[in-house]
There are 2 protein chains.
Amino acid sequence: MTRVRMDLFLSLDGYAATAEPTPESPMGEDWERLTAAYAATRTFRKIVFGETDGSGTTGIDERYAAAFFEGVGSEIMGAAMFGLHSFPDDPDWKGWWGDEPPFHTPVYVLTHGAPRPSLPMDGGTTFHFRSAAIEEVLAEATKAAGDRDVRIGGGIRTAREFLLAGLVDHVHLMIAPIVLGRGTVLWDGLGGLERTHAVTTEVAESGTIHVNFTR
Amino acid sequence: MTRVRMDLFLSLDGYAATAEPTPESPMGEDWERLTAAYAATRTFRKIVFGETDGSGTTGIDERYAAAFFEGVGSEIMGAAMFGLHSFPDDPDWKGWWGDEPPFHTPVYVLTHGAPRPSLPMDGGTTFHFRSAAIEEVLAEATKAAGDRDVRIGGGIRTAREFLLAGLVDHVHLMIAPIVLGRGTVLWDGLGGLERTHAVTTEVAESGTIHVNFTR
């Protein structure tokens, strides 16, 4: 059965970040600090840097990193995460991920901008641009996923939209043991999430706190 | 060497609570939910309910509960925690803890109210009322503690005052895996705490996340 899933990076003080790069700051210092433990994993080093020598951490962080894309049949992301806010006037913009993005599935990009044709990429990723309500886009993504899962890729504003609408079955939080003091708040309006979703907590070797909410 | 310590109960979304009971709600639902794992420990059941049959949890939560009062030579608390806001006009008010409070040390109560005589209680606790600056009260409490520690008991506003002034050497957070959605925010103004204090994280059998900041 298709589940709707997301993975989010969070600081102890509840500030979330997802990959919303800008030309000025490709990733940003806060993003790097929040994702440092993930970026150190064997899976990340393999996917992003193409390292096949087995370098990278292999503990609890790696177990979660390996699960990120496992069993995912389609993805939904916001316009900012795809880069439409950074390059609004470039009709040829194809995202931040090069010719072969790491999704290997249909990816639905939420946008209120002008219609764009779908973008087939190498390796099975196709970007589709949709301005419909999130429920409608989710229905399309669910159909495309078959019996696999739909992943809400981010950014944090998109993630919050789906969470507040009660559309998410599984939330995986990676809480870095730092106090960012700035960013986008995850929790506003989500009080009582533990009443609809069972919670588990776990600490990785890196000190990262993994929290899972599962409906 | 005397350290300044505190233990705080927190929700995942960063709302803190410390014992600030009111006549209407002796503890409050949120407080009970935040402290449920602590209240289940063998130490708490012994101290509060006088149970000496060894009932209560004995895992990681218990290890921290047993350490709460260990090595503490004096305590500082806010007026609200002592109850001065709830009973401002009762000169005979002696706190919420009965004839023999669990502190067994001098306890300095911060107040802007009228001067009150010190209150010696059974078991070695003496309440002193002070309207001086927190640095001054801390100096007095440190002297009284000898080579033992000073504990900032709460409530959360008092805890934040000491934290923001950079006066705390060790903060122990017990984060309950719940999203309260209301309360007093701990983190405002504390961004970068991990730069002055080393952080460790640990999850207890109850799912409670223990975070320690140590200077």
Side-chain angles (χ1 to χ4, degrees), chain A residues 8 10-17 29-30 33-34 36-37 59-61 64 156 160 163-164 166 168 171-215, chain B residues 8 10-17 29-30 33-34 36-37 59-61 64 156 160 163-164 166 168 171-215:
Chain A
L8 294 172
L10 202 68
S11 62
L12 275 175
D13 50 338
Y15 289 111
E29 186 203 350
D30 289 351
R33 296 187 66 209
L34 283 185
I60 289 172
D61 290 330
Y64 281 104
I156 181 60
R160 276 181 47 76
L163 279 167
L164 289 168
V168 184
V171 185
H172 166 225
L173 300 176
M174 290 155 282
I175 305 179
I178 60 177
V179 188
L180 266 190
R182 63 184 180 188
T184 304
V185 168
L186 168 66
W187 296 114
D188 275 6
L190 295 174
L193 189 62
E194 77 283 357
R195 300 189 194 274
T196 54
H197 293 63
V199 194
T200 64
T201 51
E202 183 175 20
V203 164
E205 295 80 355
S206 63
T208 303
I209 304 158
H210 293 269
V211 180
N212 288 279
F213 286 91
T214 309
R215 179 153 61 186
Chain B
L8 293 172
L10 202 67
S11 62
L12 275 175
D13 49 339
Y15 289 112
E29 187 203 347
D30 290 349
R33 296 187 66 210
L34 283 184
I60 289 172
D61 291 329
Y64 281 104
I156 181 59
R160 275 181 48 75
L163 279 167
L164 289 169
V168 183
V171 185
H172 165 226
L173 299 176
M174 290 157 281
I175 305 179
I178 61 178
V179 189
L180 267 190
R182 63 183 180 189
T184 305
V185 168
L186 168 64
W187 296 113
D188 276 7
L190 295 174
L193 189 60
E194 77 281 357
R195 300 190 195 271
T196 53
H197 292 64
V199 194
T200 64
T201 51
E202 182 176 22
V203 163
E205 296 81 354
S206 63
T208 303
I209 303 157
H210 293 269
V211 181
N212 288 279
F213 287 90
T214 309
R215 178 153 59 190

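Letters go in sequence order (proteins before strands), and every chain restarts at 1.
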Point to revise | Selection from A/L10, A/I178, A/L173 maximising heavy-atom pairs under 4.5 Å formed with chain B | key: A/I178
Point to revise | Region of B/L193 in contact with chain A, defined by heavy-atom distances below 4.5 Å | key: both
Review point. Quick one: are A/V211 and B/I209 in side-chain contact, heavy atoms under 4.5 Å?
Key: yes
Check your understanding: A/R195: what forms a salt bridge (charged side-chain N to carboxylate O under 4.0 Å, His left out) with it, not counting sequence neighbours?
Key -> B/E29
Exercise for review: List the atom of B/P177, the atom of A/T201, and the distance in Å for their closest heavy-atom pair.
Suggested key: CB-CG2, 4.0 Å
Check your understanding: Could you give the distance from CG (B/L12) to CG (A/L12), rounded to the nearest 0.5 Å?
Key -> 10.0 Å
**Study point:** salt bridge (charged side-chain N to carboxylate O under 4.0 Å, His left out) partners for A/E205, two or more places apart
**Key:** none
Practice item. Could you walk me through whether B/V179 and A/E194 pass the side-chain contact (heavy atoms from CB on, under 4.5 Å) test, one step at a time? Key: CA-CA 7 Å; B/V179 189; A/E194 77 283 357; 3.8 Å; yes
